[in-house]
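Step one of this worksheet: look at the structure below.
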Amino acid sequence: MTGDTGAFRASAPVRLDFAGGWTDVAPFAMEEGGMVVNAAIELRAYAEVRPGGDRQLIHSEELGKQVELREGTWTPELAGELELQKAALRQAQLGPCVLRTRSDAPPGSGLGSSGALGVALLAACDAAGERQRTPPELAEAAFQLEAVEAGLPGGKQDQYAAALGGFHRFRFGPGAVEVEALQLDAGFAASLADHLVLCYTGTSRVSSNTISRVMGAYAARVPAVVSALRSLAQIAERMVEALRAGDLLKVARLLSGNWRFQQQLDPGMRTEAMARLEAALTAGGALGGKAAGAGAGGSMFFVVKDPEVARHAAEQAGARVLRVRWAPEGVRRENA
C-alpha cells in the first residue's frame with residue numbers, strides 16, 4: 001500500500017486459537033457460555049481508505065479482486081464479491097473513495113483473517129470519518145459487520161484478538177464479552193513460539209458452511225455435538241493453567257485433546273490433506289497439535305520437539321510453513 005498523505009490506514013493481527021474455539025458461536029455461547037484462549041500473531045490484515053473521486057472502488061489484493069460501485073447503482077453479478085469490504089463502506093457512509101485491503105495470511109487459512117480484516121476496515125474508515133472507538137468497541141462492531149451486515153456466521157474471538165493483541169482468555173455469553181489478559185513468562189512465551197510450527201495446507205475452506213452445520217446440530221441437541229462443545233470449553237480452562245505454568249508438554253497435549261473434540265463436531269472437520277499433514281508431523285516428532293479456527297481445511301499448528309525437523313516434514317507433506325511471532329499490539333491506526 002502506498003504512503004499517500006490522503007490515505008487513512010489501519011492493520012490488525014490474526015490469531016492462533018489454543019483452545020475453546022467454536023464455543024464463542026451462537027447459539028451455544030448464548031445458551032451455555034463459551035470460553036476461548038487465543039493469542040494474536042504478527043500476520044496482519046491491512047486496510048487503506050482514500051476518499052475522493054466519483055465512485056467507490058474496492059481492491060482486494062489478498063483475493064486479486066476488484067469491485068466498482070457507483071452511487072445509485074447495483075450490479076447483481078457483484079453479489080457475493082467482497083461483502084465485508086462493501087459492508088464496511090455502507091456502514092461508514094464515506095461516499096466516493098478507494099478502498100484497498102491485503103492480508104499477510106493466506107485466504108481461508110483458519111487464522112481469523114476475516115475478523116482481523118473487519119477490525120482493520122472499521123479502524124481505517126473511522127480515521128477517514130474522524131471517528132474514535134476503543135479496541136473492544138471495534139471488536140464488537142467488526143463482529144456485527146461480519147455476522148450481520150455481510151451475513152457471514154461465526155463467533156467473536158477473531159475480532160477481539162485482532163483488536164486487543166496479546167494472549168487472552170475470553171468468556172462469551174448473552175452479556176458483554178469478559179476479557180482476561182494472560183501474562184506469560186517471557187522465556188516460556190519465546191520458547192513456545194520457537195516450538196510451534198504453523199502449517200497452511202494450501203486448501204482454503206469456507207468456515208461459514210461448517211459453522212452452520214455444527215450449530216444446527218447443536219440446536220437440534222445432537223448428543224455428540226453438545227458433548228464436544230462442552231468439552232471444548234472445559235479444555236480452554238485447562239489451557240489457561242498450562243500456559244501460566246509454562247508447561248509446554250501440557251499445552252501440546254491439550255491442543256490434541258481440543259482437536260479430538262473438534263473432529264467430533266462434524267464429519268468434514270479433518271480433510272485428507274490435514275490427515276496427511278498430521279501424520280507427517282507426528283512422525284517428525286510433534287508433541288501435539290490442532291486445526292486453526294473452524295477446521296475443514298486451512299491451517300494446522302503443532303508443538304514440536306525439533307522445529308527444523310518438523311518444518312521439513314511439513315514442507316515434504318506439501319504444506320506452507322508460516323512464521324509465528326506474537327503480536328502484543330492489536331489494531332494499529334495511521335492518520336487517525
Side-chain angles (χ1 to χ4, degrees), residues 11-26 28-29 33-45 105 110-120 122-123 133-143 146-147 154-186 188-193 196 198 229 232-248 250-251 254-255 258 262 290-294 299 301 303 324-332:
S11 69
V14 300
R15 56 90 189 108
L16 289 182
D17 54 325
F18 281 84
W22 284 98
T23 71
D24 59 322
V25 182
F28 180 84
M35 183 183 298
V36 175
V37 178
N38 68 26
I41 60 174
E42 283 295 353
L43 295 173
R44 288 184 167 261
L111 299 173
S113 55
S114 62
L117 180 58
V119 170
L122 292 183
R133 280 184 278 197
T134 66
E137 288 172 341
L138 280 173
E140 282 292 333
F143 169 74
E146 185 168 353
K156 294 184 177 182
Q157 67 148 319
D158 301 348
Q159 292 84 0
Y160 271 84
L164 298 173
F167 282 79
H168 285 89
R169 167 169 50 187
F170 299 109
R171 297 178 188 269
F172 302 94
V177 175
E178 294 182 27
V179 178
E180 180 184 358
L182 302 179
Q183 302 300 326
L184 274 60
D185 175 82
F188 171 70
S191 179
L192 179 60
L196 276 176
L198 172 59
L229 286 168
L232 287 169
Q234 292 168 3
I235 285 181
E237 192 70 71
R238 294 163 59 194
M239 182 62 78
V240 171
E241 298 171 0
L243 289 170
R244 283 180 170 158
D247 191 332
L248 193 66
K250 187 174 181 181
V251 169
L254 289 172
L255 288 176
N258 193 104
Q262 197 173 337
K290 66 183 288 291
S299 301
F301 62 102
V303 175
V324 175
R325 289 190 298 123
W326 308 126
E329 182 183 10
V331 61
R332 295 174 185 158

*Give a yes or no answer on whether the side chain of Asp247 reaches the backbone of Ala242 with a donor-acceptor pair at less than 3.5 Å.*
no

_Testing the basics here: between Ala161 and Phe170, what is the closest heavy-atom pair and its distance to 0.1 Å?_
N-CZ, 4.2 Å

*Could you grab the distance from atom OG1 of Thr134 to atom CD of Glu140, nearest 0.5 Å is fine?*
10.0 Å

_Side-chain touch Ile41/Phe301, heavy atoms, less than 4.5 angstrom_ = no

_Cationic N near anionic O, under 4.0 Å, Arg169 to Glu180_ = yes

*For Trp326 and Ala189, indicate whether the former's side chain and the latter's backbone hold a donor-acceptor pair under 3.5 Å.*
yes

*Got a second to check how far Ser191's OG is from Leu184's CG, nearest 0.5 Å?*
11.0 Å

*asked:* Treating Gln159 as the side-chain partner and Ala141 as the backbone partner, does any N or O pair qualify as donor plus acceptor under 3.5 Å?
replied: no

*What are the two closest heavy atoms between Ala40 and Pro13, and how far apart are they?*
CB-CG, 3.8 Å

*Is the side chain of Thr23 donor-acceptor paired with the backbone N or O of Met35 at a distance under 3.5 Å, no angle test?*
yes

_Can you confirm whether Leu182 sits close enough to Phe18 that some side-chain heavy atom of one is under 4.5 Å from a side-chain heavy atom of the other?_
no

*asked:* For Glu241, give me all partners under salt bridge (charged side-chain N to carboxylate O under 4.0 Å, His left out), at least two apart in sequence or on another chain.
replied: Lys250

*Residue from Met239, His168, Arg238, Glu237 passing side chain to side chain contact (heavy atoms under 4.5 Å, CB included) with Val37*: Met239

*Using a 4.5 Å cut-off on heavy atoms from C-beta on, say whether the side chain of Asp17 contacts that of Asn258.*
no

_Within the 4.5 Å heavy-atom criterion, are Leu243 and Leu192 side-chain neighbours or not?_
yes

*Show your reasoning for whether side-chain contact (heavy atoms from CB on, under 4.5 Å) applies to Phe188 and Leu248.*
CA-CA 8 Å; Phe188 171 70; Leu248 193 66; 4.1 Å; yes

*Heavy-atom closest pair, residues Glu146 and Ser114*: OE2-OG, 2.7 Å

*Can Val177 and Phe143 be said to form a side-chain contact (heavy atoms from CB on, under 4.5 Å), step by step?*
CA-CA 12 Å; Val177 175; Phe143 169 74; over 6 Å; no

*Are Val36 and Lys156 side-chain neighbours, meaning at least one heavy-atom pair lies under 4.5 Å?*
no

*Would a distance-only check, ignoring hydrogens and angles, find a side-chain to backbone donor-acceptor pair under 3.5 Å from Asn38 to Arg15?*
no

*asked:* I'd like to know if the side chain of Asp24 and the backbone of Gly34 have a donor-acceptor N/O pair within less than 3.5 Å.
replied: no

*Sidechain-backbone polar pair: Asp158 side chain, Ser113 backbone, donor-acceptor under 3.5 Å*: no

*side chain to side chain contact (heavy atoms under 4.5 Å, CB included) involving Ala116 - partner list, sequence neighbours excluded*: Ala12, Val14, Ala45, Ala162

_Side chains of Leu111 and Leu198 in contact at under 4.5 Å (non-hydrogen atoms)_ = yes

*Check against side-chain contact (heavy atoms from CB on, under 4.5 Å), Leu196 and Leu16*: CA-CA 11 Å; Leu196 276 176; Leu16 289 182; 4.0 Å; yes

